[in-house]
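These notes concern the structure reproduced below.
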Amino acid sequence: MTAEPVTTEHVTTESTLRSSLHGMVADWSSDQRSFKSASWGKAMMWIFLVSDTFVFSCFLISYMTVRMSTTVEWPHPSEIFALEIGGKKIPLILIAIMTFDLITSSGTMAMAVNFAYARERRKAAILMLVTAFFGAAFVGMQAFEWTKLIHEGVRPWGNPFGAAQFGSSFFMITGFHGFHVSIGVIFLLIVARAVWRGDYDVGRRGFFTSRRGRYEIVEIMGLYWHFVDLVWVFIFAFFYLW
């Protein structure tokens, strides 16, 4: 057998492909907007959010797997999460209020970021405090929901309404999300205090305030808070509506 001759067209195509790949790598490695303009704080927050996305995804996928594989009837969310108001049971009314609460807090957080970059620190601080209030109200409503279900006999190892896995899934997923909201409220209060006092204008040393004009921390808090709100949308869809 004779080897197939290498044509000039084949060599040209291969060299063109190689130069294109090298050019693409060089463009990305020197891209100012994609890499060099991002602060460490913002980059680390994005890395944390991506890793946390995998954690919540594993929880929700596990929940869906358990629910579809169990042979025992799964409790109906419209019945389990109903509240009796005026002698009538209203399904998912508390969950709807909690969802509206978090969505509203995303709006106030976005406005706080805009006012922070505009150096209107009092307005930014007030809006961050309002966001923290919405977050605290959400955690309070979640605590009420937990108390109600525990009083009705729901436990991580079983419940009187159906599949035993319901309790463990509910407390694990909503508890982990509630922990994120609680941490967010604490940091919102810390940053709001620094913004209100003008720590970022004078460069006063302290927690997150060692550099003058570093209002980017408000945007970083906004990234975290929007992530928490987005996760709740998925929990609401998969856990309460399914």
Side-chain angles (χ1 to χ4, degrees), residues 37-60 94-146 172-200 206-211 213-240:
S37 64
S39 67
W40 275 106
K42 190 183 294 186
M44 291 301 102
M45 177 55 73
W46 275 114
I47 292 174
F48 168 76
L49 295 181
V50 170
S51 63
D52 222 23
T53 299
F54 286 112
V55 176
F56 276 107
S57 298
C58 289
F59 282 170
L60 290 175
L94 181 63
I95 311 305
I97 295 174
M98 293 168 65
T99 305
F100 178 79
D101 177 275
L102 273 191
I103 292 176
T104 304
S105 71
S106 276
T108 57
M109 189 67 233
M111 290 190 290
V113 173
N114 289 333
F115 282 122
Y117 277 125
R119 296 297 192 272
E120 298 185 41
R121 56 186 180 87
R122 294 297 174 89
K123 293 181 180 179
I126 290 173
L127 285 167
M128 292 183 73
L129 291 174
V130 172
T131 304
F133 170 79
F134 281 127
F138 176 88
V139 175
M141 287 184 283
Q142 191 170 69
F144 171 80
E145 181 187 40
W146 275 42
M172 179 183 66
I173 294 175
T174 60
F176 193 61
H177 178 264
F179 173 75
H180 279 69
V181 176
S182 301
I183 295 298
V185 169
I186 294 173
F187 277 89
L188 279 171
L189 294 175
I190 294 173
V191 176
R193 177 177 178 269
V195 172
W196 180 269
R197 298 197 318 172
D199 292 354
Y200 299 109
F207 195 55
F208 290 150
T209 60
S210 59
R211 291 171 56 188
R214 194 168 177 263
Y215 281 95
E216 188 185 58
I217 188 64
V218 181
E219 182 184 0
I220 294 174
M221 278 302 311
L223 291 174
Y224 177 85
W225 196 257
H226 294 319
F227 169 79
V228 169
D229 294 351
L230 180 62
V231 169
W232 175 254
V233 172
F234 284 96
I235 294 176
F236 176 76
F238 286 101
F239 205 96
Y240 296 99

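One is the number of the first residue; the rest follow in order along the sequence.
Atom NE2 of residue His226 and atom CE of residue Met221 lie 10.5 Å apart, to the nearest 0.5 angstrom. To the nearest 0.5 Å, atom CE of residue Met141 and atom CG of residue Leu102 are 7.5 Å apart. To the nearest 0.5 Å, atoms OG1 (Thr53) and CG (Leu49) are separated by 6.5 Å. The line from CZ of Arg193 to CG of Leu188 is 15.0 Å long, rounded to the nearest 0.5 Å.
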Using the rule given for side-chain contact (heavy atoms from CB on, under 4.5 Å), can you reason through Ile173 versus Phe238, listing the C-alpha separation, both sets of side-chain angles and the distance that settles it, and then say yes or no?
CA-CA 11 Å; Ile173 294 175; Phe238 286 101; over 6 Å; no
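With sequence neighbours excluded, no residue satisfies ring pair (Phe, Tyr, Trp, His ring centres under 6.0 Å) with Phe227. For the side chain to side chain contact (heavy atoms under 4.5 Å, CB included) test, residues two or more places apart in sequence or in another chain that qualify with Ile183 are Phe179, Phe187, Tyr224. Residues satisfying the side chain to side chain contact (heavy atoms under 4.5 Å, CB included) criterion with Phe144, sequence neighbours excluded, are Leu83, Leu94. For Met172, the side chain to side chain contact (heavy atoms under 4.5 Å, CB included) partners are Phe59, not counting sequence neighbours. In this structure, the side chain to side chain contact (heavy atoms under 4.5 Å, CB included) partners of Val139, at least two apart in sequence or on a different chain, are Val181, Ser182.
Between Val113 and Val218, the closest heavy-atom pair is CG2-O, 3.7 Å. Here the shortest heavy-atom pairing between Trp225 and Ser105 reads NE1-OG, 2.8 Å. Contact record, Lys123 with Phe115: CD-CE2, 3.6 Å, taken as the closest heavy-atom pair. Nearest approach of Ala192 to Ala125, heavy atoms of both residues: O-CB, 3.6 Å. Between Ala124 and Ala112, the shortest heavy-atom distance links the atoms CB-O, 3.5 Å.
Ring centroids of His180 and Phe56 are separated by less than 6.0 Å, placing the two rings close together. Proximity of the aromatic rings of Trp232 and Phe239 is defined here by a centroid distance below 6.0 angstrom, and this criterion is not met.
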Donor-acceptor contacts, no H, no angles, side chain residues 126-138, under 3.5 Å, sequence neighbours left out:
residue: Thr131; atom: OG1; partner: Thr108; partner atom: OG1; Å: 2.7
residue: Thr131; atom: OG1; partner: Met109; partner atom: N; Å: 3.4
residue: Thr131; atom: OG1; partner: Leu127; partner atom: O; Å: 2.8

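Remark: side-chain polar atoms of Gln142 are paired, donor with acceptor, to backbone N or O of Thr174 under 3.5 angstrom.
At least one test fails for Arg121 against the ring of Trp196: distance under 6.0 Å to the centre or angle within 45° of the axis.
The environment of Phe100 atom CZ is sparse: at most 12 non-hydrogen atoms of other residues, nucleotides or ligands sit within 6.0 angstrom.
Residues Thr99 and Tyr240 are not in side-chain contact: their nearest non-hydrogen atoms beyond the backbone lie 4.5 Å or more apart.
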